[in-house]
Amino acid sequence: MPLLEVTQTKQISASIRLSESTATQVDQYAAYIQATADDVVEKALQYVFGKDPGFREFQKTPEASKVTATLRIRKAVQPVTPSEGARKPVAPMPTPKSEGASSVAARA
C-alpha cells in the first residue's frame with residue numbers, strides 16, 4: 001500500500017478580475033507559502049466555502065442548482081496529434097511579386 005495517495009482533479013482556466021491591492025496580496029501570500037497564485041486562490045475559496053455555514057445550507061436548496069454561471073471559463077485548446085496533423089496539409093502561401101522587381105528583371 002502506498003504511503004501517499006494522489007488524486008487527479010480536473011483543472012479549468014477561468015478569468016477573474018481583482019483589485020490591484022488584492023492581486024498584490026495574492027502574489028505576496030503565494031511567495032510567503034512558496035506556492036502559486038492559483039494555489040492561493042483555490043485554497044482560500046475552499047476554506048471560505050467550508051467555513052461558511054450559511055453557504056453550506058444554501059447549497060442544499062433548489063436555488064443553488066439554478067444559479068446562473070458568471071465565471072468566465074476559458075476553453076482549453078485541444079492538442080493535435082501527429083497523425084491528425086499529417087492528414088491536414090497546409091498549402092504554401094503564394095509569394096507576392098512586386099512590380100519593381102519584375103520590370104528590373106525584364107530589362108536585364
Side-chain angles (χ1 to χ4, degrees):
M1 178 174 196
L3 296 177
L4 299 177
E5 184 177 325
V6 177
T7 57
Q8 296 292 325
T9 59
K10 180 180 177 185
Q11 299 288 316
I12 62 166
S13 291
S15 176
I16 62 168
R17 296 188 323 186
L18 303 171
S19 69
E20 188 173 347
S21 63
T22 300
T24 298
Q25 289 178 348
V26 168
D27 286 333
Q28 290 172 339
Y29 201 85
Y32 170 65
I33 65 170
Q34 297 178 344
T36 66
D38 291 342
D39 293 334
V40 170
V41 172
E42 172 80 14
K43 294 299 181 184
L45 290 173
Q46 286 177 355
Y47 178 80
V48 169
F49 298 155
K51 292 291 183 179
D52 188 328
F55 177 66
R56 288 196 313 270
E57 286 300 314
F58 172 75
Q59 286 183 301
K60 297 174 186 175
T61 67
E63 291 82 24
S65 62
K66 297 176 186 172
V67 171
T68 302
T70 59
L71 190 62
R72 295 177 303 270
I73 297 174
R74 296 183 188 163
K75 300 289 183 193
V77 176
Q78 297 297 326
V80 176
T81 61
S83 61
E84 287 176 355
R87 286 187 242 149
K88 298 178 184 176
V90 178
M93 294 289 292
T95 55
K97 297 179 181 176
S98 66
E99 287 182 18
S102 62
S103 61
V104 171
R107 287 186 215 143

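Since the structure is predicted, the reported quantities are computational estimates derived from the model, not experimental observations. What's counted below: heavy atoms across the whole structure, side chains too, no hydrogens, waters or symmetry copies.
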Enumerate donor-acceptor pairs with a distance under 3.5 Å from any side-chain N or O in residues 41-56 to protein atoms, sequence neighbours excluded.
from: Glu42; atom 1: OE2; to: Gln46; atom 2: NE2; distance (Å): 2.7
from: Asp52; atom 1: OD1; to: Gly54; atom 2: N; distance (Å): 3.0
from: Asp52; atom 1: OD1; to: Phe55; atom 2: N; distance (Å): 3.1
from: Arg56; atom 1: NH1; to: Gly50; atom 2: O; distance (Å): 2.3

Under 3.5 Å, side-chain donor or acceptor atoms of residues 26-33 against the rest of the protein: list the pairs with distances, not counting sequence neighbours.
none

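- Within 6.0 Å of atom CZ in Arg17, 12 or fewer heavy atoms from other residues, nucleotides or ligands are found, so the atom counts as exposed in its surroundings.
- Once rounded to the nearest 0.5 Å, the distance linking CD1 of Ile73 with OG of Ser15 reads 11.0 Å.
- For Ser21, the side-chain hydrogen bond (donor to acceptor under 3.5 Å, both in side chains) test picks out Ser19, with sequence neighbours left out.
- Once rounded to the nearest 0.5 Å, the distance linking CG of Leu71 with CD1 of Ile12 reads 6.0 Å.
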Hey, mind stepping through Lys66 and Glu63 against salt bridge (Lys or Arg N to Asp or Glu O under 4.0 Å) and telling me if it holds? CA-CA 5 Å; Lys66 297 176 186 172; Glu63 291 82 24; 5.9 Å; no
